[in-house]
Visitor: 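So that we are looking at the same thing, I have put the structure below in structure tokens.
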Amino acid sequence: MNQNQGGNDARHDDDSALTDFLASLIDYTPTIPDELVEHYLGKSGFQCPDVRLIRLVAVATQKFVAEVAGDALHPSRQCKARQSAVVKDKRDKQQKDKRLILSMEDLSKALREYGVNVKHQEYFADNPSTGIDPTSRDE
């Protein structure tokens with residue numbers, strides 16, 4: 001077999017796999033809505049009438065967000081993700097649902113690894129319990 005012909009077969013397989021993948025995007029409904037992706041692509045100066053490309057960007061964005069969130073919450077990273085104890089049943093206070101809280105500090109560290117530097121204002125509340133007590137407000 002000619003080496004050039006082997007390269008053409010591999011290229012044909014790649015092209016058909018890409019064609020099949022793009023065709024599957026027509027029936028796929030991504031987590032990020034098409035309108036939102038179109039809005040931000042439009043703000044950057046990119047206009048595309050092909051819904052497959054819009055959905056490809058949505059899938060890539062979804063994957064990026066999932067990877068960053070996973071890296072920020074990964075237990076071996078010694079992150080400061082705190083667990084919140086939420087009582088499920090008022091009658092049984094011993095039964096608790098443990099939820100992770102992703103802090104801005106953890107998210108910033110994970111994003112920094114991807115080359116995204118996040119800075120927030122000093123007034124930014126990084127703690128869910130931070131804020132004004134509603135009973136102490138003047139009305």
Side-chain angles (χ1 to χ4, degrees):
M1 183 196 296
N2 188 347
Q3 186 177 13
N4 189 20
Q5 186 178 1
N8 286 339
D9 288 342
R11 185 176 189 156
H12 177 70
D13 291 343
D14 289 345
D15 288 346
S16 77
L18 179 62
T19 303
D20 293 343
F21 176 70
L22 288 174
S24 71
L25 287 175
I26 292 174
D27 298 328
Y28 179 71
T29 304
T31 304
I32 302 171
D34 293 342
E35 294 80 14
L36 184 65
V37 175
E38 288 175 359
H39 170 75
Y40 282 106
L41 286 176
K43 282 184 77 168
S44 67
F46 183 79
Q47 297 293 329
C48 180
D50 191 355
V51 72
R52 297 175 304 170
L53 188 57
I54 301 297
R55 290 187 180 161
L56 181 62
V57 171
V59 168
T61 304
Q62 181 178 340
K63 181 181 183 312
F64 176 74
V65 169
E67 284 181 1
V68 169
D71 287 351
L73 288 173
H74 199 271
S76 68
R77 303 183 89 247
Q78 297 183 10
C79 67
K80 293 183 179 180
R82 292 164 289 282
Q83 288 193 352
S84 167
V86 178
V87 177
K88 280 185 169 179
D89 186 6
K90 292 180 182 178
R91 290 175 274 154
D92 185 14
K93 295 191 187 275
Q94 298 299 324
Q95 181 182 7
K96 295 183 179 182
D97 180 23
K98 303 253 181 191
R99 297 181 186 181
L100 291 177
I101 298 174
L102 178 62
S103 72
M104 190 65 193
E105 183 180 341
D106 298 332
L107 185 59
S108 295
K109 286 179 185 177
L111 283 168
R112 208 172 300 127
E113 292 179 7
Y114 289 91
V116 178
N117 294 321
V118 178
K119 295 180 183 178
H120 58 275
Q121 300 296 326
E122 290 186 27
Y123 63 84
F124 186 81
D126 197 19
N127 187 344
S129 63
T130 301
I132 300 173
D133 185 4
T135 59
S136 66
R137 278 193 272 165
D138 295 330
E139 294 184 339

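Nothing fancy with the numbering, it's 1 onward along the sequence.
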Visitor: Would you mind listing every ring pair (Phe, Tyr, Trp, His ring centres under 6.0 Å) that reaches into residues 16-52, with sequence neighbours excluded?
Guide: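 Not a single pair qualifies under ring pair (Phe, Tyr, Trp, His ring centres under 6.0 Å).
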Visitor: Show the nearest heavy-atom pair for residues V68 and A110, with the distance to one decimal.
Guide: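 In terms of heavy atoms, the two residues are closest at O-CB, 3.7 Å.
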Visitor: With the side chain counted from C-beta on, respond yes when L56 and L53 share a heavy-atom pair under 4.5 Å apart, and no when they do not.
Guide: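 Yes, their side chains come closer than 4.5 Å.
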Visitor: Please assess L25 against V59 for the test side chain to side chain contact (heavy atoms under 4.5 Å, CB included), listing each intermediate value before the final yes or no.
Guide: CA-CA 9 Å; L25 287 175; V59 168; 4.2 Å; yes
Visitor: For K43, check side-chain hydrogen bond (donor to acceptor under 3.5 Å, both in side chains) against everything at least two apart and list the hits.
Guide: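 Counting only residues at least two positions away or on another chain, K43 forms no side-chain hydrogen bond (donor to acceptor under 3.5 Å, both in side chains).
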Visitor: Restricting to side chain to side chain contact (heavy atoms under 4.5 Å, CB included), what partner residues turn up for V51, sequence neighbours left out?
Guide: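 Partners of V51 by the side chain to side chain contact (heavy atoms under 4.5 Å, CB included) criterion, ordered by chain and then number, come out as D34, R55.
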Visitor: Nearest 0.5 Å, what's the CG-CG distance between L111 and D106?
Guide: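 Answer rounded to 0.5 Å: 11.0 Å.
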Visitor: For V37, which residues count as a side chain to side chain contact (heavy atoms under 4.5 Å, CB included) partner, sequence neighbours excluded?
Guide: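 Testing V37 for side chain to side chain contact (heavy atoms under 4.5 Å, CB included), a comparison that skips the adjacent residues, returns I32, L41, I54, V57, A58.
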Visitor: When clusters are formed by joining ILVMFWY residues with side-chain heavy atoms under 4.5 Å apart, either directly or through shared neighbours, do L73 and Y114 land in the same one?
Guide: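 Linked, L73 and Y114 end up in one cluster.
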Visitor: Are I26 and L18 linked, directly or through intermediate hydrophobic residues, by side-chain heavy-atom contacts shorter than 4.5 Å (ILVMFWY only)?
Guide: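 No.
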Visitor: Regarding E113 and K109, does a basic nitrogen lie under 4.0 Å from an acidic carboxylate oxygen?
Guide: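 Looking at E113 and K109, the cut-off is not met.
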Visitor: Kindly state each residue pair satisfying salt bridge (Lys or Arg N to Asp or Glu O under 4.0 Å) with at least one member in residues 44-53, sequence neighbours excluded.
Guide: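 Of all non-adjacent pairs touching residues 44-53, those that pass salt bridge (Lys or Arg N to Asp or Glu O under 4.0 Å) are D50-R52.
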Visitor: If you measure from CG on D14 to OG1 on T19, what distance do you get to the nearest 0.5 Å?
Guide: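 Between atom CG of D14 and atom OG1 of T19 there are 10.5 Å.
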Visitor: Could you work out, with side-chain hydrogen bond (donor to acceptor under 3.5 Å, both in side chains) as the rule, every residue matching T31, not counting sequence neighbours?
Guide: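 T31: side-chain hydrogen bond (donor to acceptor under 3.5 Å, both in side chains) contacts with Q62.
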